[in-house]
Amino acid sequence: MIKVAEIKDGIVIDHICEGKGYKIFSQLGLDKLDCVAVLLRNVTSVKMGKKDLIKVETLEKIDLTVLGLIDPGVTINYIVDSKNIKKEKLQLPAKVDGILECKNPRCVCATEKIDIVSFNLADKEKGTYSCEFCGSITSL
């Protein structure tokens, strides 16, 4: 069994569906941070059977918006002085900017090459979003 030391200050992203940890690690850009960041895959879990887990030892602000898109069931634990000071369960965000791409080739965001496009949550159950410009439905 591999033992990973506790972190003093940072975040623990827990309850990641098995196999989604690497995608989250990449999307958050954790490989670019100058701190300890650990991805644990296929960890035994009583609730989930198997899960992925990420520990990041930094108090630097990390944009966690994409987490709700990739795996809305994740839990974020905020650690300060080796103590869990806050636990937050994520949900699908109501609005996302610059993460999704419109699938409509005739949309103004595709023809005008707009870099940051906003999408609004269209269907929570399906995890779909609508483009702010044309209303086309898309998901991650």
Side-chain angles (χ1 to χ4, degrees):
M1 176 181 221
I2 296 174
K3 184 168 179 154
V4 177
E6 70 181 16
I7 59 176
K8 183 165 174 42
D9 297 305
I11 61 169
V12 176
I13 305 170
D14 199 0
H15 302 107
I16 302 170
C17 288
E18 180 183 7
K20 291 189 177 182
Y22 183 74
K23 186 171 187 174
I24 289 173
F25 196 90
S26 299
Q27 286 287 327
L28 292 178
L30 299 178
D31 56 328
K32 295 172 181 71
L33 292 179
D34 189 26
C35 66
V36 175
V38 179
L39 166 62
L40 299 166
R41 297 181 57 215
N42 302 318
V43 176
T44 302
S45 168
V46 174
K47 286 183 182 179
M48 302 174 70
K50 294 221 177 208
K51 67 179 180 179
D52 292 353
L53 179 80
I54 297 173
K55 289 185 172 189
V56 184
E57 193 166 51
T58 185
L59 291 176
E60 188 175 315
K61 182 70 175 149
I62 299 170
D63 183 4
L64 302 174
T65 306
V66 74
L67 289 180
L69 289 173
I70 297 172
D71 191 356
V74 301
T75 305
I76 308 297
N77 295 292
Y78 297 90
I79 313 296
V80 176
D81 292 328
S82 300
K83 292 182 178 65
N84 187 349
I85 62 160
K86 181 180 172 188
K87 187 173 195 170
E88 182 178 11
K89 186 163 172 67
L90 294 184
Q91 301 176 39
L92 286 172
K95 182 178 179 179
V96 293
D97 299 317
I99 297 170
L100 299 173
E101 292 181 17
C102 184
K103 295 185 172 144
N104 179 359
R106 293 186 302 264
C107 180
V108 68
C109 70
T111 59
E112 299 295 324
K113 302 295 181 200
I114 298 170
D115 291 331
I116 298 176
V117 180
S118 294
F119 288 82
N120 296 305
L121 184 61
D123 188 326
K124 188 174 185 176
E125 297 299 315
K126 294 180 182 175
T128 57
Y129 287 81
S130 63
C131 174
E132 70 175 325
F133 292 108
C134 69
S136 289
I137 302 297
T138 190
S139 62
L140 187 61

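The nearest pair of heavy atoms linking Lys95 to Asn120 is CG-OD1, 3.6 Å. Pairing each heavy atom of Lys89 with each of Gly73, the nearest pair is NZ-O, 3.3 Å. Between Tyr78 and Glu88, the shortest heavy-atom distance links the atoms OH-OE1, 3.0 Å.
Side-chain contact between Val56 and Leu30: present, with at least one pair of heavy atoms (C-beta onward) separated by less than 4.5 Å. Using a 4.5 Å heavy-atom cutoff, the side chains of Pro72 and Leu90 are not in contact. Within the 4.5 Å cutoff, side-chain heavy atoms of Leu64 are placed close to those of Leu28. Proximity of Leu33 to Ile62: side-chain heavy atoms (C-beta onward) are separated by under 4.5 Å at one or more points.
Taking Asp71 as the reference, nothing meets the salt bridge (charged side-chain N to carboxylate O under 4.0 Å, His left out) condition, with sequence neighbours excluded. By the side-chain contact (heavy atoms from CB on, under 4.5 Å) test, Ile116 pairs with Asp97, sequence neighbours left out. Every residue two or more places apart in sequence or in another chain that forms a side-chain contact (heavy atoms from CB on, under 4.5 Å) with Glu112 is listed here: Val108, Ile114. Checked against salt bridge (charged side-chain N to carboxylate O under 4.0 Å, His left out), Asp81 has the following partners two or more places apart in sequence or in another chain: Lys8.
With rounding to the nearest 0.5 Å, the separation of NZ in Lys83 from CG in Asn77 is 15.0 Å.
Cluster membership for Val43 and Val36, using ILVMFWY side-chain heavy atoms within less than 4.5 angstrom, is shared. Linking Ile, Leu, Val, Met, Phe, Trp and Tyr whenever their side-chain heavy atoms come within less than 4.5 Å puts Ile7 and Leu40 in one cluster.
No side-chain donor-acceptor contact under 3.5 Å links Asp9 to the backbone of Ser82. Side chain of Asp52 to backbone of Ile54: no donor-acceptor contact under 3.5 angstrom is found.
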Show me the side-chain donor-acceptor pairs of residues 127-140 shorter than 3.5 Å, one per line, residues at least two apart or across chains.
residue, atom, partner, partner atom, Å
Tyr129, OH, Pro93, O, 2.7
Glu132, OE2, Ser118, N, 3.0
Thr138, OG1, Lys103, NZ, 3.2

Tabulate below the donor-acceptor pairs under 3.5 Å that side-chain atoms of residues 10-24 make, not counting sequence neighbours, or state none.
residue, atom, partner, partner atom, Å
Asp14, OD1, Lys51, NZ, 2.7
His15, ND1, Thr75, OG1, 3.0
Lys20, NZ, Ile70, O, 3.1

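The side chain to side chain donor-acceptor pair (under 3.5 Å) pairs that include a residue from residues 24-35 number zero, where partners must be two or more places apart or lie in different chains. Evaluation of the salt bridge (charged side-chain N to carboxylate O under 4.0 Å, His left out) test over residues 58-70, restricted to residues two or more places apart or in two chains, returns none. Sorted by first then second residue, the salt bridge (charged side-chain N to carboxylate O under 4.0 Å, His left out) pairs that include residues 114-128, not counting sequence neighbours, number zero.
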Q.
Please evaluate residues Leu53 and Val38 with respect to the criterion side-chain contact (heavy atoms from CB on, under 4.5 Å), reporting the C-alpha separation (whole Å), side-chain torsions for both, the decisive distance (0.1 Å), and the verdict.
A. CA-CA 8 Å; Leu53 179 80; Val38 179; over 6 Å; no
Q. Could you go step by step and tell me if Ile99 and Leu69 meet the side-chain contact (heavy atoms from CB on, under 4.5 Å) rule?
A. CA-CA 9 Å; Ile99 297 170; Leu69 289 173; 3.7 Å; yes
